[in-house]
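FYI, side chains are in, hydrogens and waters are out, and symmetry mates aren't considered; it's all heavy atoms of this structure.
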Amino acid sequence: MKFFKKKATSSVTPVIITDDNTQESYELRPVSVHSRMSHHSVDIPVTENVIVSSRANCCQQCCTKENLKEQALLIATIAAVVLGIVVGISLRGLKCPTDDRVNGCRITKEDITYIDFPGKIFINILKMLILPLIVSSIISSLAQLDAQSSGRMGVRALVYYIGTTLIACIIGIALVLIIRPGSRGAPPVNPSDTEAPQGRIIDTVLDLFRNLFPDNIMEATFRSYATELKKENKSFISTVDNTTYYKNVYTATVTKRDGINVLGLLIFCIIFGILISRLKEKAVILKHFFEAMLEVVMQLVGIAMLYSPIGIFFLLTAKMLEMDNLADFVGSLGLYMVTVLAGLFVHGLIVLPLLLFLITRINSFKYIRGMSQALVTAFGTASSSATLPVTYRCVEEKNHIDPRVSRFVLPLGATVNMDGTALYEAVAAIYIAQLNNIPLNAIKIILTSLTSTLASVGAASIPQAGLVTMVIVLNALGLPADAVGTIYAVDWLLDRFRTAINVFGDSIGCAIVQHLSRKELAALDEKKNDSTTVLPLLVSNLEPASNTPRDTLKHQSNHDVSSSYHSPIIMTPM
C-alpha cells in the first residue's frame with residue numbers, strides 16, 4: 001500500500017553555470033547577463049521532516065514581533081468600533097434634550113463636542129498626511145515608469161472605476177425596485193428646519209474641469225473650486241394676460257471652498273512624474289527626493305495608526321450620542337437603510353471579490369483580511385481621503401501590491417472611484433420617488449444610473465458629501481430637492497458603510513491593474529536589471545582576478561596582462 005501513496009514533491013529550480021572556470025572563481029566575479037537561471041523545474045521528493053520544518057518556519061514568520069503588533073492593532077481597532085457603539089447607546093439615557101442639566105440628565109450638546117474632540121484630532125492627523133502622501137506617491141511611482149506604461153495603467157484604472165461604479169448603480173436600482181422601501185412601513189418625517197443644498201449637473205461637470213486645471217498650484221493644496229446656487233424669488237409679468245407671477249431663480253456663483261483640490265494635484269503630479277522619468281539622469285535628484293519623502297510619510301502613518309483605536313472609539317461614541325431618535329431606524333426609513341446595506345454588501349462581498357478572482361486568481365478572502373485595518377478605519381472616519389494613508393500600508397505591506405501601481409492608482413481611486421456613493425444615490429433617488437408616489441419609467445431609471453455615476457465622481461471625499469451630489473440626481477429626475485431631508489437621520493451610518501466599500505474598491509483596482517500591467521512592469525524590471533549589470537561587468541573586466549598575485553602581474557608583459565585576468569599564472573621562484 002505504501003507504493004500507491006502519493007509522495008510530496010517540491011519544485012526546485014537548478015542553477016546552470018555557463019562559465020568554464022571553477023566554482024570558486026565564478027562566485028568571485030559578477031554574474032553575466034547571459035548567465036541566468038534556467039526556468040525548468042524538477043520535482044524531488046520531500047520528506048516529513050522538511051514539511052514539519054517548513055511549517056515551523058511559517059509559524060515563526062507569522063509570530064514575529066511586527067506581525068503580532070499589526071494583529072494587536074487590528075483587534076484593538078475592531079474592539080474600539082464595537083465599544084464605541086455600545087457605550088454611545090448606553091449613554092443616551094443621560095443625554096439632555098436641551099442645553100441645561102435638568103431631570104437627572106448629565107450630557108449636554110457641549111459635552112458631546114468634548115467627547116468628539118479626541119476623534120477629531122485623529123482625523124486631523126490623517127488629513128495632515130494626505131498632501132505629502134499624494135504628491136510623493138504619485139511622483140515617485142511615475143518617475144519609475146515610462147510614459148507609455150503609465151498611460152496604459154491610467155486607462156485601465158479609469159475603465160475599472162467607471163465599470164464598477166455602473167455595476168454598483170445597477171445593483172442598487174435592482175434592489176430598490178424589488179424591495180420598494182418607499183411603499184412599505186411608516187413614512188419618515190421630513191424635518192422642517194432642514195434646507196436641502198441646491199445643485200445642477202452642469203455645474204458639477206464644470207467644477208470638475210475647473211479643479212483639474214487650477215490657476216494656482218499652491219492654492220490647490222488647501223482650496224478648490226465649487227459652484228454655489230443662490231435662490232432668489234423674482235416676480236415676472238405674464239405676456240398673455242399681464243398677470244404677475246413669482247418664480248425661484250437660481251444664480252450660479254463660482255467660489256473657492258476650503259479643502260485640498262485633489263484633482264488638480266493629481267494632474268500636476270502625474271505630468272511632473274512622467275517628465276522626471278523622461279529626463280532620467282538629469283532629474284535623478286528629484287526622483288530620490290520624492291522616494292525618501294514617501295518613506296518618511298509612511299513612517300509617520302505607522303505612528304499615527306497607534307492612536308487609531310482611541311480616535312475611532314470617541315468618534316463613534318459621540319456620533320451615537322448625536323443621533324436624535326433610535327425610532328428613525330424602523331418603518332420605511334429602516335427598509336431604505338436595509339436596501340442600501342444589502343446593495344453595499346452584494347457589491348463589496350460578491351461582485352468585487354468575484355472580479356478579483358476571475359481576473360487575477362487571487363484568494364479574495366486573504367485579500368479582504370489584508371485590507372481589514374483600512375476598512376475599519378474607513379468605517380470610523382467616514383472619509384476615503386483620510387483613510388488613504390492606511391490604505392497604502394494595507395495594500396503594499398499586507399497584499400504585496402507593486403508600489404508603482406498602488407501609489408498611482410490609490411490617489412486616483414480616492415478621488416474618482418465612488419462605488420458606494422453611486423449605489424447610495426441611486427437607491428435614495430428612487431426611494432424618494434416611491435415616497436411621493438412618483439412613477440419612474442425605464443428612461444428615468446437609466447438616467448438615474450448615469451446621473452448617479454457622474455455625480456459620485458464629483459463628490460468630495462469627505463463625510464456626507466453624497467448628500468450634496470444626491471440633490472443633483474433629484475433635480476435631474478424632477479424630484480423635490482427638499483425631500484433629501486427625510487434621510488438625514490440615517491445618512492451618517494450609511495456614509496460609513498459606503499466609505500468602506502469605496503476604499504475596498506480602490507484596493508481591488510490596484511490588484512487588477514497590476515495584473516493587467518504585469519507585462520509592462522516585467523519589461524521595466526528586466527530593463528532595469530540589464531542596465532544595473534552592465535557596470536559591474538565593465539568593472540570586472542578591468543580588475544584582476546582575486547587569486548592572481550600582484551607580484552606576478554608586475555613581471556608580465558602588456559601582451560599577457562589581459563589573459564591573466566581570467567586564468568591565474570603560477571610562477572616558480574628563481
Side-chain angles (χ1 to χ4, degrees), residues 120 123-139 154 157-158 161-162 165 196-230 250-273 297 378 381-389 391 408-418 420-422 425 451-473 475 495 498-499 502-503 506:
K120 294 295 184 182
I123 294 181
N124 289 344
I125 292 174
L126 293 179
K127 288 183 177 181
M128 175 184 63
L129 300 174
I130 292 175
L131 177 61
L133 182 63
I134 290 177
V135 173
S136 60
S137 62
I138 294 178
I139 294 179
L158 289 176
Y161 290 148
I162 296 175
T165 303
Q198 300 296 328
R200 297 181 303 185
I201 192 68
I202 184 62
D203 295 326
T204 302
V205 175
L206 294 178
D207 287 341
L208 281 175
F209 284 97
R210 292 190 187 102
N211 289 318
L212 279 173
F213 306 100
D215 56 352
N216 190 337
I217 191 62
M218 297 302 296
E219 188 181 21
T221 59
F222 61 89
R223 196 174 292 169
S224 60
Y225 288 100
T227 300
E228 293 183 357
L229 293 180
K230 296 181 179 179
Y250 295 96
T251 304
T253 304
V254 179
T255 60
K256 293 185 178 181
R257 61 187 178 189
D258 293 335
I260 300 176
N261 182 4
V262 182
L263 287 174
L265 289 177
L266 279 175
I267 293 298
F268 178 81
C269 293
I270 287 173
I271 298 175
F272 199 84
V297 173
T381 60
S383 174
S384 55
S385 291
T387 315
L388 189 59
T391 310
F408 173 65
V409 174
L410 284 180
L412 185 65
T415 308
V416 177
N417 186 37
M418 297 290 176
T421 303
E425 290 178 352
T451 310
S452 300
T453 302
L454 184 59
S456 64
V457 174
S461 52
I462 57 176
Q464 293 183 314
L467 282 177
V468 180
T469 55
M470 194 181 67
V471 177
I472 299 174
V473 182
N475 291 334
D495 185 30
R498 65 177 182 255
T499 301
N502 291 340
V503 171
D506 297 342

**Student:** Would you mind reporting whether Leu206 and Thr227 have side-chain heavy atoms less than 4.5 Å apart?
**Tutor:**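 SC-SC contact between Thr227 and Leu206 ruled out.
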**Student:** Identify whether the distance between the nearest side-chain nitrogen and carboxylate oxygen of Arg257 and Asp207 falls below 4.0 Å.
**Tutor:** no
**Student:** Which atom names give the shortest non-hydrogen contact between Ala422 and Thr165, and what distance separates them?
**Tutor:**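 Closest pair (atom of Ala422, atom of Thr165, distance): CB-CG2, 3.5 Å.
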**Student:** With heavy-atom distances below 4.5 Å as the criterion, would you say the side chains of Ile138 and Phe268 are in contact?
**Tutor:**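 Answer no - side chains too far apart.
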**Student:** Nearest 0.5 Å, what's the CZ-OG1 distance between Arg223 and Thr255?
**Tutor:**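 Rounded to the nearest 0.5 Å, the CZ-OG1 separation comes out at 10.0 Å.
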**Student:** What pair of heavy atoms forms the shortest contact from Ala157 to Leu412, and how long is it?
**Tutor:**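 That would be CB-CD2, 4.1 Å.
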**Student:** If you count every heavy atom of other residues, nucleotides or ligands that lies below 6.0 Å from Lys120 atom NZ, does the total exceed 12?
**Tutor:** no
**Student:** Which heavy atom in Ile139 sits nearest to a heavy atom in Cys269, and how many Å separate them?
**Tutor:** CG1-O, 3.7 Å
**Student:** Rounded to the nearest 0.5 Å, how far does CG of Leu265 lie from CD1 of Ile270?
**Tutor:**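 The distance works out to 10.5 Å.
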**Student:** What heavy-atom pair brings Thr221 and Ile260 nearest, and what distance separates the two atoms?
**Tutor:** O-CG1, 3.3 Å
**Student:** Could you tell me whether the side chain of Tyr225 reaches within less than 4.5 Å of the side chain of Asp215, counting heavy atoms only?
**Tutor:**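 Yes, their side chains come closer than 4.5 Å.
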**Student:** Quick one: pull up CG in Leu129 and CG in Asn124 and give me the separation to the nearest 0.5 Å.
**Tutor:**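 Leu129 CG to Asn124 CG: 11.0 Å, rounded to 0.5 Å.
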**Student:** Mind listing the closest non-hydrogen atom pair of Ala414 and Ser384 along with its distance?
**Tutor:**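 Heavy-atom minimum between the residues: O-OG, 3.7 Å.
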**Student:** To the nearest 0.5 Å, tell me how far Leu266 CG sits from Asn211 CG.
**Tutor:**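 Answer rounded to 0.5 Å: 11.0 Å.
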**Student:** Roughly how far, to the nearest 0.5 Å, is the CZ atom of Phe222 from the CG atom of Asn216?
**Tutor:** 7.5 Å
**Student:** Hey, could you give me the CG/CZ distance between Asn261 and Phe213, rounded to the nearest 0.5 Å?
**Tutor:**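 Spacing of CG (Asn261) from CZ (Phe213) equals 11.5 Å.
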**Student:** Would you call Thr421 and Thr499 a side-chain contact if the rule is heavy atoms closer than 4.5 Å?
**Tutor:** no
**Student:** Closest heavy-atom contact between Asn502 and Met418?
**Tutor:** OD1-C, 3.3 Å
